[in-house]
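Notes to accompany the following structure.
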Amino acid sequence: MGSETAPGADILELTERFQSILTGSWKTQALYVAAELKIADLLATGARTSAELAAAAGADAPSLHRLLRALSALGLCEEREDGRFALTPLGALLQEGSPHSLRAWTLWWGHHLWPVWGNLLYSIKTGQSARKLLLGTDGFAHLQKDPKAAATFYRVTIELTRLTAQAVLQAYDFSGLKRIADIGGGHGEMLAYVLEANPGASGLLFDLAVAVEGAAENFRKNHPGLDGRCAFMAGDFFESVPPGADAYILKSVIHDWDDEQAGRILVNCRRAMTADARLLIIEPILPERNEATALHATLSQHDLTMLVALAAQERTQREFSALLASAGLQIAKIASAGPVYSIIECRPA
């Protein structure tokens with residue numbers, strides 16, 4: 001009798017699971033505040049009390065103590081018996097200077113995407129960008145008006161590219177390619193990894209002027225020696241794409257735009273390509289049918305982020321095929337680059 005399942009046990013489990021999903025946003029803000037206050041950097045030299053951290057961060061000591069206890073519950077720091085808090089390997093990802101840092105991504109999600117996600121209902125009802133509703137700008141025009149936001153955004157592109165670059169290099173053979181163009185490549189982190197792994201290749205970074213300036217600085221600071229093998233060109237991929245490359249990379253670009261705008265980018269890439277050139281689209285590919293898995297939840301989060309931020313979308317393989325065909329391109333092969341990203345190699349049709 002005592003071992004039998006109590007009445008209502010299933011519904012209790014379901015409600016607990018539901019509430020965990022519903023209230024999960026508190027974790028976003030806990031991490032964001034920790035990133036803003038640079039808690040991980042303050043703990044980098046050793047364990048400290050909440051009072052010491054509050055004095056250094058300019059925070060209310062009792063309130064920060066409660067945040068630190070919450071971060072301990074999430075595994076980002078450890079609450080010790082002597083009352084001090086120590087950084088964990090997970091929490092070290094919030095260190096600004098770490099080679100594996102995700103601090104900029106945390107700041108972007110917790111500050112810049114936070115109000116946008118709060119207007120998901122608007123985007124679902126209209127199909128329009130909630131960011132445009134809030135800021136009145138399309139695409140990435142808001143970055144030209146806000147240098148601080150632009151600096152954080154381009155830092156995010158570096159952080160996220162580092163997470164996928166090695167998987168891309170393992171999944172795709174760049175050897176034999178003499179000139180590689182990274183179109184809309186931000187600060188050029190993907191291109192830098194490709195050039196470092198392929199010393200016989202030269203590169204071209206093509207993006208808006210605000211990005212190209214940062215790319216040249218990123219190469220000088222973080223990839224010394226490569227800037228001599230890479231040209232930096234400012235331009236607009238909606239107008240044209242520079243010709244003469246063996247391969248064109250579009251990493252996390254097509255998903256930023258609706259079909260009409262993405263089609264214009266692809267048409268311009270096709271016009272720039274020779275018959276033997278290839279186009280590499282590095283993005284998630286949505287499943288044709290979603291299931292209740294962690295991976296599909298992650299892909300759906302990517303897709304809805306594109307909607308609320310840019311009125312854009314992630315795509316299935318079928319949707320990619322149709323979009324590419326309209327631009328005179330076809331899929332030659334697809335390679336997996338980790339659990340989320342894929343490399344779609346396209347050739348002229």
Side-chain angles (χ1 to χ4, degrees), residues 13-32 74-76 88-94 100-106 108-110 113-114 116-117 120 123-124 156-172 189-190 193 249-259 262 280-324 331-346:
E13 181 180 341
L14 286 174
T15 56
E16 285 296 322
R17 180 182 171 193
F18 181 90
Q19 291 187 79
S20 178
I21 296 171
L22 177 64
T23 62
S25 58
W26 76 269
K27 301 174 186 177
T28 300
Q29 284 302 306
L31 267 64
Y32 162 66
L74 293 174
L76 279 83
T88 65
L90 183 63
L93 295 176
L94 286 177
H100 307 293
S101 176
L102 291 175
R103 181 174 181 267
W105 182 222
T106 306
W108 187 260
W109 192 274
L113 281 178
W114 184 260
V116 175
W117 265 97
L120 175 62
S123 293
I124 296 296
V156 169
T157 66
I158 291 176
E159 290 182 356
L160 297 186
T161 297
R162 287 174 179 171
L163 295 179
T164 59
Q166 291 303 324
V168 169
L169 291 173
Q170 291 172 7
Y172 193 85
E189 193 72 1
M190 185 73 251
Y193 275 88
I249 296 174
L250 288 172
K251 181 193 177 296
S252 301
V253 170
I254 296 303
H255 72 171
D256 288 336
W257 309 99
D258 62 24
D259 282 351
L280 306 177
I281 297 175
I282 304 173
E283 289 193 3
I285 299 179
L286 296 179
E288 296 294 340
R289 183 178 65 86
N290 262 6
E291 298 178 359
T293 67
L295 175 58
H296 287 188
T298 296
L299 292 171
S300 292
Q301 172 255 298
H302 280 249
D303 186 37
L304 289 177
T305 300
M306 292 300 104
L307 171 62
V308 295
L310 298 162
Q313 65 187 93
E314 304 290 0
R315 293 174 172 86
T316 65
Q317 183 175 336
R318 185 182 306 171
E319 289 169 332
F320 269 117
S321 294
L323 186 62
L324 289 162
I331 296 176
K333 62 181 179 181
I334 297 176
S336 175
V340 174
Y341 283 84
S342 294
I343 305 168
I344 306 173
E345 183 189 271
C346 310

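- Other residues, nucleotides and ligands contribute more than 12 heavy atoms inside 6.0 Å of the CD atom of Gln29.
- By the 4.5 Å heavy-atom criterion applied to side chains, Leu163 and Leu102 are counted as neighbours.
- Residues Val168 and Leu280 are not in side-chain contact: their nearest non-hydrogen atoms beyond the backbone lie 4.5 Å or more apart.
- Checked by atom type and distance alone, the side chain of Thr28 never pairs as donor or acceptor with a backbone atom of Gly110 at under 3.5 Å.
- Ring orientation note: the planes of Tyr341 and His302 are nearly perpendicular, at an angle over 60° on the 30°/60° scale.
- Side-chain contact between Tyr193 and Thr164 is absent, with no heavy atoms from C-beta onward closer than 4.5 Å.
- In this structure, Gln313 and Asp303 have side chains that are in contact, with non-hydrogen atoms separated by less than 4.5 Å.
- Distance check: Tyr172 OH to Ser342 OG gives 14.0 Å after rounding to the nearest 0.5 Å.
- Within the structure, salt bridge (charged side-chain N to carboxylate O under 4.0 Å, His left out) contacts touching residues 160-169 (residues at least two apart or in different chains) are Arg162-Glu189.
- More than 12 heavy atoms of other residues, nucleotides or ligands shown are found within 6.0 angstrom of CD on Glu288.
- The distance from the CD atom of Glu314 to the CD1 atom of Ile285 is 10.0 Å, given to the nearest 0.5 Å.
- For the pair Leu93/His100, a side-chain contact is recorded, criterion being any heavy-atom separation below 4.5 Å from C-beta on.
- With a 4.5 Å cut-off on side-chain heavy atoms, Arg315 and Asp259 count as touching.
- Going from atom CD of Glu345 over to atom NZ of Lys333 covers 5.0 Å, rounded to the nearest 0.5 Å.
- Atom NE2 of His296 is surrounded by more than 12 heavy atoms from other residues, nucleotides or ligands within 6.0 Å.
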